[in-house]
Participant: 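Quick one: the structure is below, and I'll ask about it shortly.
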Amino acid sequence: AYVSRKKNRTFIVFIILTLVLSCLYSCLSITKSSNSLEKSLYKSSNSSLSITKKDNGYFEIDQFKDIKTIKEIKEIVLQYDGLAKPTNTKVVEGEQKIKRENLSNDLKNVVSVEATNNTMRNVLFTSGVFTIKKGRNIKGDDRNKIIVHEDFAKKNNLKLNDKIGLKFIESNKLGSKKEYKFEIIGIFSGKKQEKYTGLSSDFSENMMFVDYESSQKALSTGENNKIINKLALFTDSPENMEESLKKVKGLKGDWSKYNIAKDNNAV
């Protein structure tokens, strides 16, 4: 009866309530979207925990196998850095600022190789220093794959799907392993900040990225003796990062030999 008598007033109240509820719904949607965007941005950043040896040397990954049981860690990226001698290609020559007269044959015509299970997480690519021009990045399920610099490819008339032979050089002694073939799946461009030691591997053009599993076969490491220089651990939120740090530090092991730190290299 009231609504029938006060139609105009009821209509106005209804409109006001509708506007208020719409505003509340919009605010909740914006809040939810902001939280989702924050989580997405964090996930796409290169914020991670990194484990390295204090002497910057190699270490066996098997001793950190329990990290896989930490539920807050969503991705584990392995990194091995080393040198290799190309068997069917030549390095890009450049003007070295450091000259080494008594350079052994083992250290001539060498390239630097970074082995990883995800090049998209490498700061050289996330920062835009290196950019994929053709093909794609290296993923975790790749085997016998490599990406090379466009200047190196140009000098050796290489294209996608061509194969490069490499002989990895062991870190603790001269002399190289047997030749191992890699298929080119990507060609990148760019120039990093270079540190000159007198080797051809100092130049960005002579840097290559290969899949991690194949690098270990090329080095003839056993299944339980795989080596790395760096172990990067990624989570999807700052809260999980802090919890992961606590749990990693709580794992058994001689932590006096290792550094564990937060890497905050946002895209």
Side-chain angles (χ1 to χ4, degrees), residues 43-48 50-52 58 61 64 67-68 73-89 91-92 110-154 156 158-169 171 177 179-192 201 203-221 223 226-234 263 265 267:
K43 189 174 181 180
S44 64
S45 75
N46 245 22
S47 298
S48 65
S50 65
I51 299 175
T52 55
Y58 303 99
I61 187 177
F64 294 107
I67 284 177
K68 295 180 180 179
I73 295 175
K74 303 302 181 183
E75 184 180 2
I76 299 175
V77 176
L78 314 174
Q79 181 177 320
Y80 167 85
D81 298 319
L83 299 176
K85 289 181 68 68
T87 59
N88 58 346
T89 53
V91 299
V92 175
V110 293
V111 297
S112 63
V113 178
E114 180 174 310
T116 180
N117 56 331
N118 188 353
T119 49
M120 290 184 67
R121 285 294 193 180
N122 186 289
V123 68
L124 292 171
F125 287 97
T126 58
S127 65
V129 174
F130 286 163
T131 305
I132 294 290
K133 305 294 289 186
K134 297 179 181 179
R136 62 174 176 84
N137 277 285
I138 288 174
K139 301 182 295 184
D141 58 353
D142 282 325
R143 298 295 182 270
N144 308 325
K145 307 301 183 185
I146 191 171
I147 58 178
V148 300
H149 196 280
E150 61 180 356
D151 289 347
F152 183 90
K154 182 178 180 180
N156 293 283
L158 298 171
K159 59 184 183 300
L160 295 179
N161 302 319
D162 285 346
K163 291 188 176 181
I164 295 178
L166 295 178
K167 290 184 177 181
F168 278 65
I169 298 174
S171 59
K177 295 289 186 179
E179 180 188 35
Y180 202 89
K181 292 283 189 178
F182 294 89
E183 178 188 357
I184 299 175
I185 60 168
I187 297 175
F188 65 92
S189 64
K191 199 168 186 67
K192 65 178 181 178
S201 57
F203 299 114
S204 302
E205 296 82 357
N206 296 324
M207 185 174 187
M208 303 176 177
F209 297 83
V210 303
D211 69 275
Y212 177 77
E213 293 297 331
S214 298
S215 75
Q216 299 306 290
K217 288 184 178 180
L219 287 164
S220 301
T221 60
E223 184 63 29
K226 295 177 180 178
I227 57 176
I228 53 176
N229 296 86
K230 180 180 179 180
L231 189 63
L233 313 174
F234 294 86
D263 288 337
N265 301 309
V267 177

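Note that these values count all heavy atoms, side chains included, but never hydrogens, waters or copies made by symmetry.
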Participant: Show the nearest heavy-atom pair for residues Leu231 and Ile61, with the distance to one decimal.
Facilitator: CD1-CD1, 4.4 Å
Participant: Nearest 0.5 angstrom please: Ile164 CD1 to Leu158 CG, how far?
Facilitator: 5.0 Å
Participant: Can you give me the closest heavy-atom contact between Phe130 and Lys192, atom names plus distance?
Facilitator: CE2-N, 3.9 Å
Participant: Can you run down the salt bridge (Lys or Arg N to Asp or Glu O under 4.0 Å) pairs that involve residues 209-218, sequence neighbours left out, and say none if there aren't any?
Facilitator: Glu213-Lys226
Participant: Compare every heavy atom of Asn118 with every heavy atom of Glu75, then report the nearest pair and how far apart it is.
Facilitator: OE2-ND2, 2.8 Å
Participant: Please examine the side chains of Ile228 and Phe64, heavy atoms only from C-beta on, and report whether any two atoms are closer than 4.5 Å.
Facilitator: no
Participant: What are the two closest non-hydrogen atoms of Asn229 and Thr52, and how far apart are they?
Facilitator: O-CG2, 3.7 Å
Participant: What about Tyr58 and Tyr80, are their ring centers closer than 6.0 Å?
Facilitator: yes
Participant: Could you grab the distance from atom OG of Ser204 to atom CD of Glu150, nearest 0.5 Å is fine?
Facilitator: 11.5 Å
Participant: Can you tell me how far the CD1 atom of Ile227 sits from the CD atom of Gln216, to the nearest 0.5 Å?
Facilitator: 5.5 Å
Participant: Near Lys191 NZ, under 6.0 Å, is it more than 12 heavy atoms from other residues, nucleotides or ligands?
Facilitator: yes
Participant: Testing the basics here: between Asn206 and Val92, what is the closest heavy-atom pair and its distance to 0.1 Å?
Facilitator: OD1-N, 2.8 Å
Participant: Side-chain contact test, heavy atoms from C-beta onward, threshold under 4.5 Å: evaluate it for Phe152 versus Met208 and give yes or no.
Facilitator: yes
Participant: For Asn122 and Thr116, what are the C-alpha separation, side-chain angles and deciding distance, and is it a side-chain contact (heavy atoms from CB on, under 4.5 Å)?
Facilitator: CA-CA 9 Å; Asn122 186 289; Thr116 180; 5.9 Å; no
Participant: Hey, are the side chains of Thr119 and Ile132 touching, using non-hydrogen atoms and a 4.5 Å cut-off?
Facilitator: no
Participant: So Phe125 and Phe188, would you call those rings parallel, tilted or perpendicular, with 30° and 60° as cut-offs?
Facilitator: perpendicular
Participant: How about Val110 and Val91: do any of their side-chain heavy atoms sit closer than 4.5 Å?
Facilitator: no
Participant: Rounded to the nearest 0.5 Å, what separates atom CD1 in Ile138 from atom OH in Tyr212?
Facilitator: 14.0 Å
Participant: Between Glu114 and Phe209, is any pair of side-chain heavy atoms under 4.5 Å apart?
Facilitator: yes
Participant: Hey, could you give me the OG/CD distance between Ser50 and Gln79, rounded to the nearest 0.5 Å?
Facilitator: 9.5 Å
Participant: Assess whether atom NZ of Lys163 is packed by more than 12 heavy atoms of other residues, nucleotides or ligands within 6.0 Å.
Facilitator: no
Participant: Measuring from atom OG1 of Thr87 to atom CG of Leu166, what distance do you get when rounded to the nearest 0.5 angstrom?
Facilitator: 7.0 Å
Participant: Enumerate, atom names and distances included, each donor-acceptor pair closer than 3.5 Å involving a side-chain atom of residues 141-149, sequence neighbours excluded.
Facilitator:
unit_1, atom_1, unit_2, atom_2, d
Asp142, OD1, Arg136, NH2, 2.9
Asp142, OD2, Arg136, NH1, 2.9
Asp142, OD2, Lys139, N, 2.7
Arg143, NH1, Gly140, O, 3.0
Asn144, OD1, Tyr180, OH, 2.9
Asn144, OD1, Ser214, OG, 3.2
Lys145, NZ, Glu183, OE1, 2.6
His149, ND1, Asp151, N, 3.0
His149, NE2, Gly190, O, 2.8

Participant: Can you confirm whether Asn88 sits close enough to Lys181 that some side-chain heavy atom of one is under 4.5 Å from a side-chain heavy atom of the other?
Facilitator: yes
Participant: Closest approach of Ser215 and Val210, non-hydrogen atoms and distance?
Facilitator: CB-CG2, 4.1 Å
